[in-house]
Amino acid sequence: DSTFAFQAGNSSYVYGKTYYISQIVGDTGDSLGLDRRDTCIAVSRGTPIRWNALPTGILSPDTTICAGTTVLMSLDFTGKAPFNVTLTINGQDTLLPNLPAHYILPVTPLDSTTYTIKSITDSNTPTCSSFPNKSVRIRVNQLPTATITGGATICQGGTATIKFNLTGTGPWLVDYNLNGVAQPQLHIDTSVYLLDVAGAGRYKLTGVSDTNCVGKVSPQVVDIVVKQQPVANAGEDQVNCGLTARFNAIPSYGQGTWTG
């Protein structure tokens with residue numbers, strides 16, 4: 001008995017093509033071991049053999065998203081479908097059975113995640129398996145946030161300070177309104193921003209975005225109350241003889257103790 005080894009993929013053998021291997025028996029002769037002039041050479045019936053290429057797989061390219069975004073990740077395979085695929089997600093194996101040659105996998109990672117094709121098994125008979133170790137990295141930028149504080153009561157002509165606290169990657173664009181009326185957009189370079197205001201009313205955040213993503217704002221509002229300056233009417237001018245002059249001073253706005 002003899003054992004023979006054949007290897008596909010070189011210049012002599014091609015994947016997917018059927019070859020027939022026969023046993024030849026005859027007198028000893030040339031370098032092949034046979035005397036080609038022997039009229040009694042016997043050739044057995046050929047045994048068919050075919051080599052199938054190992055399945056391959058690729059993933060869509062690396063990408064960067066904002067948190068909450070769904071990525072349609074494509075997986076493309078060569079070989080005979082359907083395929084059983086083991087996908088490693090941040091080190092955790094997940095089996096995806098009976099996949100077609102082109103498959104779309106929706107993923108919504110909460111944080112940056114690496115997806116790796118660990119193994120592929122096709123539907124050939126016998127089945128062929130490969131271990132491509134192909135990976136894709138989805139980087140996740142967290143959404144920026146914005147909050148405000150600083151409600152106050154001020155006198156007419158004064159100012160109050162509203163404090164904006166921001167998270168994310170600057171610079172930021174911040175939208176807000178006053179009593180429901182949109183105000184000029186703020187362009188902010190620091191995570192803490194102070195805005196001096198003089199107008200009375202309710203200030204409310206309506207939007208925030210950083211250099212990467214559109215974010216979310218807090219439901220908080222800031223109320224600024226502006227009180228009118230007190231005014232007193234001392235009456236009409238008087239000309240008096242003597243040392244004492246009396247004025248009928250009546251406060252026209254304000255309350256409390258009056259002096260003057």
Side-chain angles (χ1 to χ4, degrees), residues 2-21 46-146 166-173 191 207-216:
S2 299
T3 300
F4 300 92
F6 301 89
Q7 182 176 355
N10 57 29
S11 59
S12 300
Y13 303 104
V14 179
Y15 291 124
K17 184 176 181 179
T18 301
Y19 296 89
Y20 294 87
I21 300 176
T47 300
I49 185 170
R50 182 176 63 184
W51 287 273
N52 292 318
L54 294 178
T56 65
I58 58 173
L59 293 162
S60 51
D62 291 356
T63 190
T64 300
I65 63 171
C66 295
T69 301
T70 296
V71 176
L72 300 179
M73 187 168 62
S74 64
L75 296 86
D76 293 283
F77 307 104
T78 64
K80 186 176 181 181
F83 303 88
N84 291 328
V85 177
T86 298
L87 189 68
T88 302
I89 304 174
N90 276 352
Q92 184 69 37
D93 289 349
T94 299
L95 177 62
L96 304 176
N98 300 316
L99 299 188
H102 177 70
Y103 180 71
I104 298 297
L105 178 65
V107 294
T108 310
L110 299 178
D111 299 292
S112 296
T113 303
T114 299
Y115 300 83
T116 303
I117 299 178
K118 183 177 181 180
S119 67
I120 308 169
T121 300
D122 65 14
S123 295
N124 277 308
T125 303
T127 60
C128 296
S129 298
S130 66
F131 306 89
N133 200 34
K134 300 289 186 179
S135 296
V136 62
R137 178 76 169 169
I138 298 180
R139 295 174 179 83
V140 179
N141 290 318
Q142 299 304 315
L143 301 183
T145 64
L166 308 170
T167 67
T169 304
W172 292 264
L173 298 177
S191 61
V208 62
S209 62
D210 66 2
T211 192
N212 297 314
C213 303
V214 175
K216 52 189 178 181

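Bear in mind that the values here come from a model prediction, so they are computed numbers and not experimental data.
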[X] versus [Y]: any side-chain heavy-atom pair under 4.5 Å?
X      : Y      : value
Leu87  : Thr116 : no
Phe77  : Val85  : yes
Leu72  : Pro106 : yes
Val136 : Lys134 : no
Asn98  : Asn84  : yes
Ile120 : Pro132 : yes
Asn141 : Thr169 : no

Rounded to the nearest 0.5 Å, how far does [atom2] of [Y] lie from [atom1] of [X]?
X      : Y      : atom1 : atom2 : value
Met73  : Thr113 : CE    : OG1   : 9.5 Å
Thr86  : Leu96  : OG1   : CG    : 8.0 Å
Ile65  : Arg139 : CD1   : CZ    : 11.5 Å
Ile104 : Leu99  : CD1   : CG    : 11.5 Å
Ser129 : Asp122 : OG    : CG    : 7.0 Å

Result for side chain to side chain donor-acceptor pair (under 3.5 Å) between Lys118 and one of Thr94, Thr88, Asn133, Asp93 points to Asp93
Should the heavy atoms of other residues, nucleotides or ligands under 6.0 Å from CZ of Arg137 be counted, would the total exceed 12?
yes
Ignoring hydrogens and angles, tell me if any N or O in the side chain of Asp76 forms a donor-acceptor pair with the backbone of Ile58 under 3.5 Å.
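Looks like no, no N/O pair under 3.5 Å.
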